[in-house]
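The structure appears right after this line, and notes come after that.
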Amino acid sequence: MKIFLDTANIEKIKEAASWGILDGVTTNPTLVSKEGKDFEQVVREILEVIKGPVSLEVVSTQWKAMVEEAKKLRTYGENVVIKIPMTEDGLKATKALSSEGIPVNVTLIFSPAQALLAAKAGAKYLSPFIGRLDDISSYGMRLVEDILTIVDNYGFNTEVIVASVRHPMHVLEAALLGAHIATVPYEVLKKLIKHPLTDIGLERFLKDWEKMKK
Ligand code: G3P
C-alpha cells in the first residue's frame, strides 16, 4: 500500500520523507490555510521535496473554471494531481481533464455510487473520506470495501486513496482490505511507528550491552 502524507506542512513532509516510506502528499484548502503562508510558496516547497503525486485542490465550483484552475496548478509540476470535488461540475471537469491526460483525484466521496461515477469520468484517484463517515455513526471502512469491489469488478484504471484517516487502525484496515493508498496525517503516521514493546526491548538490549562492557 502506498502511503501519502495528508498535510501542507513542509517540516512534517520533510520529516516523513526522511523515513523512506512516503509515496506522495495530499492537501486541501483547509490544510493549506492552516500554514498561514502564500499558496504558491507552500506548493513550491512541497514539490521540492516530493517527487511522487502531490494533490492540490481547486476552489472553483463551475467546471470550466475548475479546468482553468487545474491547468494553472499543473504548471507547478508534472507530479501535480488535481483534486476535484464530487459534484456534477466536478464530474464534467474530471472528464475534461482526464481526457487530456491530467490526473484527477476526486475528493469528498461518501458513497460507492459517487465513486463509480468518478471512476467512469476518468478519475485516476478516488478519495473516500472514512473518518467523517465514522463521525456520523456510519462505517467508513465499509465504503472503502465497496469501492474496491467496484473498481475490481470493472477493472477501472483508478486507485483508491483512503482519506480522512484519524487513527492507526484506519491505516491497518485499509491495508488489510487491499486499498491502493492511505493518506495519513503526520501524527497518525508517528503513532504507526511506535510500539511500547519495541521501546522496552531496545532499552533492555542497551542495558545488557552496557553491563557486558563493565
Ligand atoms: O484526506 C482528507 C482529509 O484531509 C480530511 O480529513 O480529518 O478533515 O476529515 P478530516
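When reading the values below, keep in mind they use all heavy atoms of this one structure, side chains included, and skip hydrogens, waters and symmetry mates. All ligand and atom numbering here is 1-based and tracks the order in the structure.
Relative ring orientation between F110 and F129 is described as perpendicular, the plane-to-plane angle rising above 60° on a 0-90° scale split at 30° and 60°. Using cut-offs of 30° and 60° on the angle between ring planes, the pair Y154 and F156 is tilted.
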Q: Would you check, one step at a time, whether the test salt bridge (charged side-chain N to carboxylate O under 4.0 Å, His left out) holds for E203 with K207?
A: CA-CA 6 Å; E203 204 186 320; K207 263 192 195 148; 3.6 Å; yes

Q. Going through the distances and angles, do R166 and D135 end up as a side-chain contact (heavy atoms from CB on, under 4.5 Å)?
A. CA-CA 10 Å; R166 300 283 167 75; D135 287 345; 2.8 Å; yes

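Ion pairing between a basic and an acidic side chain is recognised when a charged N comes within 4.0 Å of a carboxylate O; D208 and R204 show no such pairing.
In the displayed structure, K51 atom NZ is contacted under 6.0 Å by more than 12 heavy atoms of other residues, nucleotides or ligands.
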Show me a pair-per-line table, with atom names and distances to 0.1 Å, of protein N or O atoms that are under 3.5 Å from an N or O of ligand 1.
residue	atom	partner	partner atom	Å
ligand 1	1 (O)	D6	OD1	3.4
ligand 1	1 (O)	D6	OD2	2.8
ligand 1	1 (O)	S164	N	3.4
ligand 1	4 (O)	D6	OD2	2.7
ligand 1	4 (O)	N28	ND2	2.9
ligand 1	7 (O)	R166	NE	3.0
ligand 1	7 (O)	R166	NH2	3.3
ligand 1	8 (O)	R132	NH2	2.8
ligand 1	9 (O)	R132	NE	2.6
ligand 1	9 (O)	S164	OG	2.7
ligand 1	9 (O)	R166	NH2	2.8

